[in-house]
Amino acid sequence: MARLDDACPHRRRRRHLAPTAPTGLTASATTSTGTTLTWTPSTDDTGVTGYDILRAPGTTGGTFTQVATSTTTSYTDTGLAPSTTYRYQVRARDAAGNPSPVSGTAQITTQPGTSTGTCTATGTVQTQWSTGYVIQPLTITNTGTSAISGWTVTFTLPAGHTLSGSWNGTVTSSGQTVTIRNVAHNGTIAAGAGNSSAGFQVTRPNGDTAVPSGYTCA
């Protein structure tokens with residue numbers, strides 16, 4: 001015997017489908033404290049009403065937790081820690097409250113923070129050979145009266161010298177000018193204290209004995 005709901009199509013309940021997963025999740029304009037996420041919209045039979053923004057700490061592990069919602073296909077996350085890695089996912093919700101599967105993952109590392117005090121930098125030649133040398137340690141000393149939470153060291157490579165490696169710092173180069181900024185674990189230095197974890201390696205012309213000069217710290 002047919003059920004009444006089956007016999008009367010106009011009385012059947014429509015089962016709403018979940019939205020499709022958002023695609024193309026990317027992050028851009030990342031600073032020391034924020035990043036902007038964008039993605040391709042989901043589709044749904046009743047219409048997408050918004051997106052949940054999920055975030056997890058680090059490159060692996062950790063739990064994705066919802067940190068915000070958006071009614072558009074972009075979101076700017078702020079209040080992040082400098083020199084820190086985060087992963088993001090996005091999911092859609094429709095008018096019936098159905099969540100979509102999560103999107104792919106976008107990973108970012110925020111920029112180093114800026115110095116909050118005064119400091120000096122000294123580079124020590126650990127070893128050298130005819131075509132190169134290693135500066136280790138690059139010692140950053142806090143000369144102020146309060147702790148600093150970030151530092152930036154700038155120096156000049158001699159003509160013909162090329163940076164070939166570095167550690168415990170984020171490096172950018174422009175011509176012979178090199179800038180090294182702290183990473184997450186070595187940015188904080190107490191007043192009067194020093195940090196000697198950073199270093200770098202340089203390739204130079206055979207027989208050249210010059211080394212970098214003009215270290216400045218801010």
Side-chain angles (χ1 to χ4, degrees), residues 27-36 55-62 77-88 106-129 131-205 208-218:
S28 61
T30 300
T31 66
S32 61
T33 59
T35 191
T36 297
R55 187 179 70 206
T59 58
T60 59
D77 197 16
T78 59
L80 304 178
S83 301
T84 303
T85 300
Y86 299 91
R87 288 168 291 142
Y88 290 91
Q107 178 176 303
I108 63 104
T109 299
T110 52
Q111 297 296 315
T114 56
S115 174
T116 55
T118 56
C119 56
T120 60
T122 303
T124 300
V125 178
Q126 181 188 74
T127 184
Q128 57 181 318
W129 54 98
T131 58
Y133 52 91
V134 170
I135 301 293
Q136 173 61 43
L138 174 62
T139 302
I140 295 89
T141 302
N142 178 2
T143 58
T145 58
S146 60
I148 60 176
S149 60
W151 48 263
T152 301
V153 173
T154 303
F155 59 91
T156 302
L157 289 175
H161 292 215
T162 304
L163 195 72
S164 56
S166 64
W167 45 93
N168 294 322
T170 300
V171 177
T172 56
S173 298
S174 177
Q176 297 306 108
T177 301
V178 178
T179 299
I180 301 181
R181 294 180 174 84
N182 66 281
V183 289
H185 67 268
N186 64 2
T188 300
I189 306 175
N195 186 297
S196 300
S197 63
F200 58 93
Q201 181 172 320
V202 175
T203 299
R204 64 186 174 187
D208 189 344
T209 60
V211 293
S213 61
Y215 292 97
T216 62
C217 185

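Looking at residues two or more places apart in sequence or on another chain, you find no side-chain contact (heavy atoms from CB on, under 4.5 Å) involving Thr209. Listed by chain and number, the residues in a side-chain hydrogen bond (donor to acceptor under 3.5 Å, both in side chains) with Arg87 amount to none (sequence neighbours excluded).
Arg204 contributes a side-chain N or O that, together with a main-chain N or O of Ala210, makes up a donor-acceptor pair within less than 3.5 Å. Judged by distance alone, the side chain of Thr141 and the main-chain N or O of Thr120 form no donor-acceptor pair under 3.5 Å. In this structure, Gln176 contributes its side chain and His161 its backbone to a donor-acceptor pair below 3.5 Å. Proximity of a side-chain donor or acceptor of Asn182 to a complementary backbone N or O of Trp151 within less than 3.5 Å is detected. With hydrogens and angles ignored, the 3.5 Å screen pairs a side-chain donor or acceptor of Asn142 with a backbone N or O of Ala190. The closest donor-acceptor contact from the side chain of Thr154 to the backbone of Thr216 lies at 3.5 Å or more, if one exists at all. A donor-acceptor pair under 3.5 Å is formed between the side chain of Thr110 and the backbone N or O of Ala81. Under a 3.5 Å cut-off, the side chain of Ser174 and the backbone N or O of Thr177 do not form any donor-acceptor pair.
Here the closest heavy-atom approach between residue Ala159 and residue Asp208 is recorded as O-OD2, 4.2 Å. When all heavy atoms of Gly144 and Ala191 are compared, the pair lying nearest together is O-CB, 3.5 Å. The two residues Ile140 and Cys119 come nearest to each other via the heavy atoms CG2-CB, 4.1 Å. Pairing each heavy atom of Ala121 with each of Tyr215, the nearest pair is O-CB, 3.6 Å. When all heavy atoms of Val153 and Cys217 are compared, the pair lying nearest together is CG2-SG, 4.2 Å. Residues Ile135 and Pro137 approach most closely at CG2-O, 4.2 Å, considering heavy atoms.
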| said: Run Ile108 and Leu80 through side chain to side chain contact (heavy atoms under 4.5 Å, CB included) and show every step you take. | reply: CA-CA 11 Å; Ile108 63 104; Leu80 304 178; 4.3 Å; yes
| field | Stepwise side chain to side chain contact (heavy atoms under 4.5 Å, CB included) test for Thr35 and Tyr88 | value | CA-CA 11 Å; Thr35 191; Tyr88 290 91; 3.8 Å; yes
| request: Step by step, work out the side chain to side chain contact (heavy atoms under 4.5 Å, CB included) result for Thr152 and Ile180. | output: CA-CA 6 Å; Thr152 301; Ile180 301 181; over 6 Å; no
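Counting only residues at least two apart or on different chains, the side chain to side chain donor-acceptor pair (under 3.5 Å) pairs with a member in residues 184-194 are Asn168-His185, Asn186-Ser197.
Two residues are said to be in side-chain contact when any heavy atoms from C-beta on lie closer than 4.5 Å; Thr33 and Thr78 fail this criterion.
A donor-acceptor pair shorter than 3.5 Å can be found between the side chains of Thr143 and Thr118. For the residue pair Thr36 / Ser28, no side-chain donor-acceptor distance below 3.5 Å is found, with atom types taken as modelled.
Checking Val202, Leu157, Thr172 one by one against Val178, the side chain to side chain contact (heavy atoms under 4.5 Å, CB included) holds for a single residue, Leu157.
Using cut-offs of 30° and 60° for the angle between ring planes, the Phe200 and Phe155 rings count as parallel.
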